[in-house]
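Here's the structure we're looking at; comments come further down.
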Amino acid sequence: MSNPFVRIVEPLDPKQPLKKFFNLSKLEDVRYARLPFSIRVLLEAAIRNCDEFLVKKGDVENILNWKVVQHKNVEVPFKPARVILQDFTGVPAVVDFAAMRDAVKKLGGDPEKINPICPADLVIDHSIQVDFNRRSDSLQKNQDLEFERNKERFEFLKWGSQAFKNMRIIPPGSGIIHQVNLEYLARVVMDQDGYYYPDSVVGTDSHTTMIDGLGVLGWGVGGIEAEAVMLGQPISMVLPEVVGYKLLGTPQPLVTSTDIVLTITKHLRQVGVVGKFVEFFGPGVAQLSIADRATIANMCPEYGATAAYFPVDDISIGYLMQTGRDKEKVMCTKKYLEAVGMLRDFKNSSQDPDFTQVVELDLHTVVPCCSGPKRPQDKVAVSDMKKDFETCLGAKQGFKGFQIAPDRHKSVVKFNFEGCDFELAHGSVVIAAITSCTNTSNPSVMLGAGLLAKKAVEAGLTVKPYIKTSLSPGSGVVTYYLRESGVMSYLSQLGFDVVGYGCMTCIGNSGPLPESVVEAITQGDLVAVGVLSGNRNFEGRVHPNTRANYLASPPLVIAYAIAGTIRIDFEKEPLGINASGRKIFLKDIWPTRNEIQAVERQFVIPGMFKEVYQKIETVNESWNALDAPSDKLYTWNPKSTYIKSPPFFDGLTLALQTPKTIEDAYVLLSFGDSVTTDHISPAGNIARNSPAARYLTSRGLTPREFNSYGSRRGNDAVMARGTFANIRLVNKFIDKQGPQTIHFPSGETVSTHAALNRGSLTGVKAVLAESYERIHRSNLVGMGVIPLQYLPGEDAGTLGLTGRERYTIVIPEKLKPQMNVQIKLDTGKTFHAIMRFDTDVELTYFHNGGILNYMIRKMAS
């Protein structure tokens, strides 16, 4: 059927009649001008893709009627313009595509139908580790090791880029996925197949939301959901509420964008924005650069929203020019956005749309801060850091406590490093990393760190040699302007040499600490500290030996590295004493906003971006030299420990199985609040005593060859053993931290993997929780696992559940979205929970045993 909205199609420029767009202003519907700008993007996509099958006219009406419909859990389809993946999640996606081709062929279909329809970019940025630091050749040595460890994965990805159409690979050494997206991949307005339309993206990484800062609507999805989008399926989503976040005032001179985002993160956590869009507006937005906005949007998962949207304005258009985008295309972008009413003037309040609710922040009230020691939302003013950490030391074990006995708070352990004697205590900094897309995409904080380093060196300050310092820029552009502005040499003198282009410490690829440091930490049972300019600091993520980890701006990372401890009051205590005996305070070397902006204006120029990105896909000689097979079907190597055909499609037939009641199920694990991706599927080091390590050892590998969990996500045998393998896991069945559980009915304490693989147990069939982060529920739905949610006001405590009962989950013959289901216990107790299949499409996936099974049956038939 033809598109019922073809009547509003017209050329953007009469001189180019073949370049058209859907002119939403021609809808002549007064509701359009009142819609949040983020919802307008959803509306345009629905109108452009309306075929009365996947996208119906009724869906368009629901989106137009957002103000009324937003509270009614109404499902709408959304077809993003493109998909973006990083290699930790991209490898399993390509593995699934390869396995789906095999499955379609077995069912009698054409395997080459399994091909991305929606454009997909895969950026390799999660593989490199900080094995070498504090030396001029750290970058080259780390990159060499990256290829040595990951050659097999990289060859597989290169095969995928050749075997599948519409898939582009950005080689390792290019930068961090979200910064590359911001500086290079993002279009803002797409020009494809004869039409202009808003750029939008979903990605297999929670921090895909960073691109919202440029006015490109985007968020993170589960890997299998992304695969369905790549195959042309729309995302089925509940039309979200939109919280308007009004920014007022101007930041104080010493405040960074990092301070602003940590303040917003805590604020929105308190407001409660899970499952909602946040849209920023107000005159304060005009005070923020695109890099500042991207920093704020990046941490959207940490405050729980689905998206954190900054509509496009003239500053966005200026950023496209600054980053070397084609001038003619930028002018078309602006013309299109003006035509459809999507170009924002934040100083013009008459453009303010309707919102579900409005909350405000006066930027002038923001103070320098960090977040930690275990969660990104736990903001601490820098002036309170010393006192807060010392309180945490003695507090009960938890998000803000380490339960260290009072008589041990002043414990000191002496150790020797490279022939010199040093001391470690609780609060000693052992990792200081300028890392992560959150901050390395922002010239103001990166140049701020460089200027602070310059002043510190000139004042005679140094960083203790045992502290693992590192600088991992998000793109080559950062190195370019740090070098050209003359601050790189000062960063190097303090130990912050460039160690690689990738996520590195932020994702847990922090590499080993010196043995003498680890021995001292272990001997004193010390709460050692990592300070990083990242976005996540959950226990066990950054490094196994840093129990406290604080998120901070790049300048503060350097400041705490110089101090050597988190137990310092910068206002009263000096950073250090130079050779002349002079006390140097942080205020003496902190650069002003005006200083930073002057350097930024001079050195961050379009030519840098053009020079770096015009050769991004060909500059890596190691990548160019990789030899990849050319077959359309992948030849699986049974000896491989990285790439393995998954068992998901074994025995798959075209016929559907009727869902059955889950009878007498045991509980595998019982958790408290804030279960994160790092608990569920850690990406960092593989512990030598873990089930995954035993599996790899049985395949002939040595610990040096284990690599990380993230790098082995293309092998389900490793990942099944790595699920819930976080060393800081707190399972209510066990009285101490660790990746263990109780096997029922034997009562034996075993690893999670061992508990799942004993007797007649058949795997996890359902999860019962108080709430879900979007990407976690999406993954459960995609794999055919039932996400159950307690009724409002109920939880395990109020229902008196211990987790030691046996559970029968009654699955009715006819299922509806978000219906209540009955759960019966072997104790005789019954209660109800919400089955969180939120849409009819999600129920379709469930009936098929998961989204990939659905796609295979569709392609095969």
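Bear in mind that the values here come from a model prediction, so they are computed numbers and not experimental data. As a basis for the values below, the full set of heavy atoms in this structure was taken, side chains included, without hydrogen atoms, waters or symmetry mates.
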> Do you see a donor-acceptor pair shorter than 3.5 Å between the side chains of T204 and T89?
Replying inline: yes
> Do the side chain of S200 and the main chain of A81 share a donor and acceptor less than 3.5 angstrom apart?
Replying inline: yes
> Does anything in residues 155-179 pair up under ring pair (Phe, Tyr, Trp, His ring centres under 6.0 Å), and if so which pairs, sequence neighbours excluded?
Replying inline: F97-F164, F156-W159, F156-Y634, W159-F164, W159-Y634
> Do R149 and F147 meet the cation-pi criteria used here (NZ or CZ under 6.0 Å from the six-membered ring centre, within 45° of the axis)?
Replying inline: no
> Quick one: is the NZ or CZ of R293 closer than 6.0 Å to the six-membered ring centre of F280, and within 45° of its axis?
Replying inline: no
>> Holding to ring pair (Phe, Tyr, Trp, His ring centres under 6.0 Å), I want the full list of residues that pass it with Y613, two or more places apart in sequence or in another chain.
In response: Y184
>> Could you go through R712 and T641, starting from their C-alpha distance and side-chain angles, then the distance that decides it, and tell me whether this counts as side-chain hydrogen bond (donor to acceptor under 3.5 Å, both in side chains)?
In response: CA-CA 8 Å; R712 292 191 177 275; T641 56; 2.9 Å; yes
> Quick check: does any side chain N or O of E279 sit under 3.5 Å from a backbone N or O of S38, one acting as donor and the other as acceptor?
Replying inline: yes
> Do we see a donor-acceptor contact under 3.5 Å between the side chains of T258 and N439?
Replying inline: yes
> Going by distance alone, is a donor N or O of one side chain under 3.5 Å from an acceptor N or O of the other, for T209 and D212?
Replying inline: no
> Hey, mind stepping through T208 and D205 against side-chain hydrogen bond (donor to acceptor under 3.5 Å, both in side chains) and telling me if it holds?
Replying inline: CA-CA 6 Å; T208 300; D205 188 285; 5.1 Å; no
>> Using modelled atom types and a 3.5 Å cut-off, is there a donor and acceptor pairing between side-chain atoms of D313 and backbone atoms of S316?
In response: yes
> Can you list every pair that meets salt bridge (Lys or Arg N to Asp or Glu O under 4.0 Å) and has a residue in residues 495-510, with sequence neighbours left out?
Replying inline: none
>> Any side-chain to backbone donor/acceptor pair from D199 onto A186? Under 3.5 Å, distance only.
In response: no
>> Looking only at the side chains, is there a donor atom on one of D259 and T256 sitting less than 3.5 Å from an acceptor on the other?
In response: yes
